[in-house]
Amino acid sequence: MNSKEIRKAFIDFFAGKGHQIVASAPMVVKNDPTLMFTNAGMNQFKDIFLGNQPAKYVRVADTQKCLRVSGKHNDLEEVGHDTYHHTMFEMLGNWSFGDYFKEDAINWAWELLHDVLKIPADRMYASVFEGSADDKLERDDEAFELWRKFLPAHQIINGSKKDNFWEMGDTGPCGPCSEIHVDLRDDAERAKIPGQNLVNKDNPLVIEIWNLVFIQFNRKADGKLEELPDKHVDTGMGFERLCMVLQGKKSNYDTDVFQNTIAKIAELSNKKYGDDQKADIAMRVIADHLRAISFSIADGQLPSNNKAGYVIRRILRRAVRYGYTFLDFREPFICKLVEVLKENMGDAFPELVSQQGLIENVIREEEESFLRTLETGIRLLDDLVAKAKAAGKTEISGDNAFTLYDTFGFPFDLTSLILREKGLTVDEAGFNAEMEKQKERSRNAAAQETDDWVELKKIEQVEFVGYDHLEAEVHISRYRKVTQKNKEFYHLVFDKTPFYGESGGQVGDSGYIEFDGQKTLILDTQKENNLTVHIAQKLPVNPAAAFKAVVDVKKRTLTMNNHSATHLLDQALREVLGTHVEQKGSLVNSEYLRFDFAHFQKVTKEELEKIQARVNELVRKNLALEENRAVAFDEAKKLGAIALFGEKYGDFVRVIKFGESVELCGGTHVPSTGQIGSFIITSESAISAGVRRIEAITADRAEEFVKKHMDELAEVKAVLNNTQNLKKSVEDLVAQNSRLQKQIEEFERKAASGIKDELKKKVQSINGVNVIAEVIQLDSAQAVKDLAFQLKGEIENLFLVLGSAIGGKPSISVMIAENLVAEKGLNAGAVVREAAKEMQGGGGGQAFYATAGGKDLSGLSAAVEKAKSFVK
RNA sequence: GGGGGAUUAGCUCAGUUGGCUAGAGCGUUUGACUGGCAGUCAAAAGGUCAUCGGUUCGAUUCCGAUAUUCUCCA
């Protein structure tokens, strides 16, 4: 069976058992502060488990793209070294939300693996939770008995709390789980050591493929468990591992999921997979990371320097590093692999097909930029090596290596590799110590303590009334205290709310809630999945009261202007640039709007003018908002609504129409576009290969912007006697200025040359040295310097001291012919330092030319005399 | 969110006790050599040393802020 057939077999099986098949959620998570990426199939159902949202279907199955870059068994740095870890993987899963429980879950798992997919029974092992004294839990005998129907007792293993008790986090839903392991060793090996001894022992051929989680408890902040009213099943099966088992391979990377990519890498690098261990690791790393990066970009997450974007950048750079070190790639190559990936997975994940061009461009750009970083690092490292060698050292300090890594992004393993080649070592312990310090700093800065929710009023779902009302009577449904850096604030959840929680690029509302004359400020409103969390500075005195919730109208109105303008901008962009323009991100707040979109070249000035004019035209048409809050998703698409990649949509969506602009959007909008008033583009820039950014302002801000510019112009005109032709006047002024500048220089030159002739007459000969020591009238340090250098060229054996007042301050320059410096041991620097004392100053320079300044103008001639006295 | 760098000629970068006429390579322009191209040689142009403030007799250099940008951590 090939991988496509295997995926289908799973989906068909559970569809046959009454499961609703749903689409994979985006791999990049939005609206969940605790998670950057989907790391398990259950993520998209989190709200159901938490009780924040009712289940739409009680039985669901899917294949979910997941990304794991950290965690107990999956450090990014390990991926590729073995044959079964990945960053991005597919997780096949089936769920029951308060419907079937252990019995059906286990029966069906067995039926699929054994009866449908034909995995031999004697190669399968099941594990069950052994119980835990800490939590006062017995062994999961129920699961054990269910497995006994299919497996002999010795193939059922007791698992520890670590392996067989699943928890969503420190707190929240949890429960025992039961894993299915498969033994892939050959018969001789199996005869030697029984498979049950190797389960959960990190043997690459005795592996867990499916985990069935039985969610029956809720873990509270004090560590205690409470029984859930509704019990759920959550399962996850590693798709790549399943393919390995069914295709009779010993490594995930040997399955058809990865082999096409690896073959392409081998071709590009002119190496063969299987010839060299290190090259093999590199190929696996690249084949794995390619998937993670491509899917992230397709989901709209571009590499950047913080948060999720940074994780993607790090993964990509790791792939480049391995290609660079072990496969000798010196130019972008990962971008050339996207084509193969698309052929492999484009069927199941159409976003790869439609986003291919963007993915390739973004990857190429990132590769180029990192190769530049590497070059810089190599140069810096060469310097360090040269210095170390000159000092007779053979080790580079951990501190230095860390600076290379931390400040210049040069990977530590490359540092030690290059040093090894040059016969040097690096202090790894020192490096790690510095690394720890950095982590400590960041942890302290980000440390946050969250208390348990205190529930006051049970609700099914928060009702958002903010589309229609900016005030409402609300009750606090639950609250909790959050402590960060000694600052306390409170998270409040209301039964209903007029406050818009930050999402879809639009910032959250602020405002206040009021009871009995007491106001509590709401600083911000955030969304945690489906929960709208209001951030308050303090807890109201009487949390159970009925509050009047009031949104900051000014801020909301300005934000609405910008949000609606963003839709108009989107439409104008499509009209002017073409329909390839796709939104890649946006930010909308009360100050301005920012819109990122796919476009492969700079937007020209003419295009920008057209776009801005078009938006303003749409504003003036005063198009009325047509809002429909519950349109079936398919229906909305038929209307031509613009949906975003990487965005998770429900079955029913909100559709926002302004004339011809139709978008799926949850944000708040103006009743008609005339309210936007005016729209001004303030900047256009590139944020990544193939992605441009436009920033713009509207309404009040636009008006202020125009006023500021007009005022400035008026002021400038006033300075120029209210000239009719400002541009010409300024040009004339500039031309005149440069002409005068040249004249001044000419005069100065003449003056200097007059002074020069005077000075040449005053040469004294002292012991064969031609001495000039005079105070002259020159007001420019540069002119004095020029004069000194000219005299040096014209008089041999010169010892020159020039005193002058520059900007009202005394200054002396000493010039000594090079041969005198050498023969007589004279040093201009020493001379000026000594002489400058006469005028309360100091100075320095080189042996042949030095300058000094001072505070006391009356000491100038004394200083000149003093300098002269150095002639021997 | 927190740390560390960087910003000098069109480009890539040097520039240490604060005073070096602010440099190199590449590129550009001009001239010479060659039948032409390529090239070689010679010369020249090109700099608010990111911006603003402070310390100092004096700041590209030290300090602070801002902007832009790179990078690491969370």
Side-chain angles (χ1 to χ4, degrees), chain A residues 33-36 69-70 76 303-311 313-314 317-318 366 368-377 379-380 382-383 399-412 431-432 434-448 484-485 487 683 685-687 737-738 741 752 780-793 803-816 818 821 827-833 835-857 859-860 863:
Chain A
T34 63
L35 207 59
M36 289 192 291
V69 285
S70 59
L76 176 61
S304 72
N305 57 5
N306 57 31
K307 302 250 166 72
Y310 179 58
V311 173
R313 173 168 286 172
R314 237 171 52 192
R317 292 189 165 190
R318 182 167 185 260
E366 276 292 309
E368 280 168 0
S369 132
F370 186 52
L371 288 169
R372 278 196 296 273
T373 299
L374 288 183
E375 253 177 63
T376 309
R379 212 178 48 237
L380 290 167
D382 283 344
D383 283 353
D399 194 26
N400 279 338
F402 185 74
T403 305
L404 267 180
Y405 169 74
D406 183 49
T407 302
F408 299 102
F410 195 70
F412 180 72
F431 175 85
N432 288 332
E434 289 296 324
M435 190 77 192
E436 260 321 298
K437 272 194 239 166
Q438 149 112 309
K439 287 189 174 173
E440 194 53 37
R441 265 198 305 272
S442 291
R443 260 195 296 270
N444 288 341
Q448 170 175 320
Q484 187 169 22
K485 282 202 249 176
K487 269 188 276 179
S683 86
S685 59
I687 57 163
N737 186 50
S738 98
Q741 190 72 41
S780 143
Q782 187 60 42
V784 174
K785 201 184 259 178
D786 282 339
L787 181 59
F789 276 87
Q790 281 172 30
L791 285 167
K792 184 179 83 159
S804 60
I806 291 167
K809 282 178 181 169
S811 155
I812 61 170
S813 302
V814 172
M815 172 68 81
I816 305 175
E818 273 95 343
V821 171
N827 185 311
V831 172
V832 291
R833 249 191 301 279
K837 286 179 186 167
E838 299 293 331
M839 50 191 196
Q840 292 181 37
Q846 304 127 284
F848 75 97
Y849 180 71
T851 57
K855 281 187 248 192
D856 182 11
L857 193 54
L860 182 58

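First the proteins, then the strands, lettered A, B, ... as listed; each starts at 1. Every heavy atom of this structure was used, including side-chain atoms; hydrogens, water molecules and symmetry mates were not.
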B/A43 to B/U7 separation - P atoms, rounded to the nearest Å: 31 Å

field: All side-chain contact (heavy atoms from CB on, under 4.5 Å) counterparts of A/R314, not counting sequence neighbours
entry: A/L76, A/Y310

task: Tell me, please, which residues at least two apart from A/D399 pass side-chain hydrogen bond (donor to acceptor under 3.5 Å, both in side chains).
output: none

query: Distance between the P atoms of B/G46 and B/U29, in whole angstroms?
result: 16 Å

- request: Please report, rounded to the nearest Å, how far the P atom of B/U12 is from the CG atom of A/L371.
  value: 16 Å

field: Distance between C1' atoms of B/U60 and B/G18 (Å, rounded)
entry: 10 Å

query: Once each nucleotide of nucleotides 61-74 of chain B is scored for protein heavy atoms under 4.0 Å, what B/S/- sequence comes out, 5' to 3'?
result: ----------BBBB

task: For B/U34 and B/C41, measure between their C1' atoms and round to the nearest Å.
output: 13 Å

- line: Whole-Å distance, A/R379 CZ to B/C13 C1', equals 6 Å

message: Heavy-atom nearest nucleotide on RNA chain B for A/L380 versus A/Q840: which residue maps closer to 5'?
response: A/L380

- prompt: Roughly how far apart, to the nearest Å, are B/C26 and B/C62 at atom P?
  reply: 30 Å

- request: Mind calculating the distance between CG (A/L857) and C1' (B/C57) to the nearest angstrom?
  value: 12 Å

- request: Salt-bridge test for A/E434 and A/K437: reply yes if a basic N is under 4.0 Å from a carboxylate O, no otherwise.
  value: yes

query: Out of curiosity, A/M839 CE to A/D856 CG, how far, rounded to the nearest 0.5 Å?
result: 9.5 Å

field: Closest heavy-atom pair and its distance - A/G409, A/T373
entry: O-CG2, 4.0 Å

task: Nearest 0.5 Å please: distance from the CG atom of A/N400 over to the CG atom of A/L404.
output: 7.0 Å

message: What stems show up for RNA chain B when you take Watson-Crick pairs (N1-N3 plus N6-O4 or O6-N4) and G-U wobbles (N1-O2, O6-N3), both under 3.5 Å, and require three or more consecutive pairs?
response: B:1-7 with B:67-73, B:10-13 with B:23-26, B:28-33 with B:39-44, B:50-54 with B:62-66

message: Rounding to an integer number of angstrom, what distance separates B/C13 and B/U8 when you compare their P atoms?
response: 10 Å

message: Looking at every non-hydrogen atom in both residues, tell me the closest pair between A/L374 and A/F410 and how far apart they are.
response: O-CE1, 3.4 Å

message: Salt bridge check, A/E436 against A/R443: does any charged N sit closer than 4.0 Å to a carboxylate O?
response: yes

- request: Any chance you could list the contact pattern along nucleotides 18-25 of chain B? Use B for base contacts, S for sugar-phosphate-only contacts and - for none, protein heavy atoms under 4.0 Å, 5' to 3'.
  value: -BSB----

- prompt: Distance between the P atoms of B/A9 and B/U51, in whole angstroms?
  reply: 11 Å

- request: Compare every heavy atom of A/A836 with every heavy atom of A/G853, then report the nearest pair and how far apart it is.
  value: O-CB, 4.3 Å

Under 3.5 Å, side-chain donor or acceptor atoms of residues 807-814 of chain A against the rest of the protein: list the pairs with distances, not counting sequence neighbours.
none

message: For the C1' atoms, the ones on B/A74 and on B/A65, what distance do you get once it is rounded to whole angstrom?
response: 27 Å

query: Can you tell me how far P of B/G4 sits from NZ of A/K437, to the nearest Å?
result: 13 Å

field: Atom pair OG1/CZ of A/T376 and A/F408 - distance to nearest 0.5 Å
entry: 8.5 Å

message: Tell me which one of A/F431, A/F402, A/Y405 satisfies ring-ring contact (aromatic ring centres under 6.0 Å, His included) with A/F412.
response: A/F431

